[in-house]
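Here the structure comes first, spelled out in structure tokens, and everything after it is commentary.
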Amino acid sequence: MSFFSRLGSYTGFLLASYIRSGRIAVEAVATLVIYAMLFRPGVSLLLAGEFHAIAAMCMLTLSFYTSVVLMGQCDRPQAYLLLTRRIGRSGYLLAHYISSLIITSGCYLALSALCAATRSVSGFTLAAWALGSLPLLLNVAILAAAVTLLAPAVLSTSWRLVILAGVVLAFSESMFSTQTLRDMPPLLLRILDLLQLVFSIPLLPVLTGFALAASHDYRGAAMAIPFAQVSLMLGLLGAALFVFSRREITVRDA
């Protein structure tokens with residue numbers, strides 16, 4: 001059996017296990033609640049761009065939850081034989097990543113189908129849906145890849161803290177009041193600006209992808225945004241696979 005066949009089989013096993021365990025109920029109920037609160041007829045009539053802007057935030061939250069739950073199962077004792085003999089470390093990690101994408105994408109498709117069936121979104125054509133869905137789902141893939149990299153089975157606690165500190169620095173400007181920034185010593189302010197610039201660059205594909213999902217405007221340089229999103233996703237996932245393939249794994253007792 002080839003690597004991809006084993007990967008597909010184990011991904012299917014993970015999905016079936018996730019459904020049988022009842023964990024899928026959280027995503028199913030969350031999807032229905034999101035539709036009932038934000039998109040059902042009578043609440044408001046949204047444009048397609050507004051639908052994708054709101055749905056993007058909801059799906060990112062849902063993707064974060066699903067990815068955390070699935071990646072939290074990576075260091076179970078039952079994984080030992082799979083890691084050493086069947087699909088190997090790369091296939092094992094990829095299967096968890098792909099499973100989280102399938103579950104979140106399924107929730108998004110269900111939400112879109114509900115909105116299309118009830119005509120609660122104006123201008124919700126297939127073309128408009130596809131234009132907004134591409135960057136939206138790529139952002140979901142990026143977040144799932146980031147959660148995979150930050151999983152306890154992949155990165156050590158110290159490295160996770162370093163990466164999270166970088167994310168905090170990227171948004172540091174919004175954390176301080178204008179007066180606080182004015183009172184900072186010039187050297188400290190320049191260092192803070194430099195760190196913010198360095199750590200915010202990797203976040204640009206995510207932020208521009210969010211804007212593209214809402215605007216549906218692919219003219220000019222916007223055509224490069226999906227390629228930047230794919231590059232970031234592959235970079236994060238590649239880093240996770242690289243670290244996971246070389247790290248000594250300690251399984252949990254349960």
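- Here the SG atom belonging to Cys115 is positioned 12.0 Å from the CZ atom belonging to Arg40, to the nearest 0.5 angstrom.
- Two residues are said to be in side-chain contact when any heavy atoms from C-beta on lie closer than 4.5 Å; Leu62 and Glu27 meet this criterion.
- Of the possible polar contacts, one joining the Gln229 side chain to the Pro135 backbone as a donor-acceptor pair under 3.5 Å is found.
- In this structure, Ala53 and Ala214 approach most closely via the heavy-atom pair CB-CB, 3.9 Å.
- When all heavy atoms of Leu38 and Cys58 are compared, the pair lying nearest together is CD1-SG, 3.9 Å.
- One hydrophobic cluster, built from ILVMFWY side chains closer than 4.5 Å, cannot hold both Val206 and Phe210; they sit in different ones.
- A side chain to side chain contact (heavy atoms under 4.5 Å, CB included) with Val147 holds for exactly one of Leu70, Thr66, Val68; it is Val68.
- With a 4.5 Å cut-off on side-chain heavy atoms, Ser67 and Thr148 do not count as touching.
- Atom OG in Ser122 sits 13.5 Å away from atom CZ in Phe51 (nearest 0.5 Å).
- Taking the side chain as every heavy atom from C-beta outward, Tyr10 and Ile98 never approach each other to under 4.5 Å.
- Between His52 and Tyr108, the ring planes lie tilted relative to each other; the angle falls in the 30° to 60° range.
- Checked by atom type, the side-chain pair Ser99/Tyr18 shows no donor-acceptor distance below 3.5 Å.
- For Tyr65, the OH atom sits in a packed shell: over 12 heavy atoms of surrounding residues, nucleotides or ligands are nearer than 6.0 Å.
- Follow the hydrophobic side-chain contacts under 4.5 Å out from Leu161 and you never reach Met71; the two are in separate clusters.
- Within the model, atoms OH of Tyr92 and CG of Leu14 stand 7.5 Å from one another, a figure rounded to the nearest 0.5 Å.
- Residues Leu60 and Val26 share a hydrophobic cluster, clusters being chains of Ile/Leu/Val/Met/Phe/Trp/Tyr side chains in contact below 4.5 Å.
- The hydrophobic cluster containing Met223 does not contain Phe227, counting ILVMFWY residues as joined when their side-chain heavy atoms lie under 4.5 angstrom apart, directly or transitively.
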From CA spacing to verdict: side chain to side chain contact (heavy atoms under 4.5 Å, CB included), Tyr35, Thr118: CA-CA 11 Å; Tyr35 170 74; Thr118 56; 2.9 Å; yes
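- For the atom pair CG (Leu143) and CE (Met233), the distance works out to 12.5 Å, reported to the nearest 0.5 Å.
- Hydrophobic cluster membership differs between Leu204 and Leu236, with clusters built from Ile, Leu, Val, Met, Phe, Trp and Tyr side chains linked at under 4.5 angstrom.
- For the atom pair CD1 of Ile102 and OG1 of Thr11, the computed distance is 6.5 Å after rounding to the nearest 0.5 Å.
- A distance-only check finds a donor-acceptor pair linking the side chain of Ser245 to the backbone of Phe242 [under 3.5 Å].
- Annotation: side chain of Arg160 is not in contact with side chain of Val154 (no heavy-atom distance under 4.5 Å).
- Taking 4.5 Å as the limit, every side-chain heavy atom of Phe244 sits out of range of all side-chain heavy atoms of Leu155.
- When all heavy atoms of Gly91 and Leu7 are compared, the closest pair comes out as O-CD1, 3.3 Å.
- Considering all non-hydrogen atoms of both residues, Arg20 and Phe13 come closest at NH2-CE1, 4.3 Å.
- Here CE of Met57 is found 10.0 Å from CG of Asn139. Values are rounded to the nearest 0.5 Å.
- The main-chain N or O of Tyr97 is found under 3.5 Å from a side-chain atom of Ser100 such that the two form a donor-acceptor pair.
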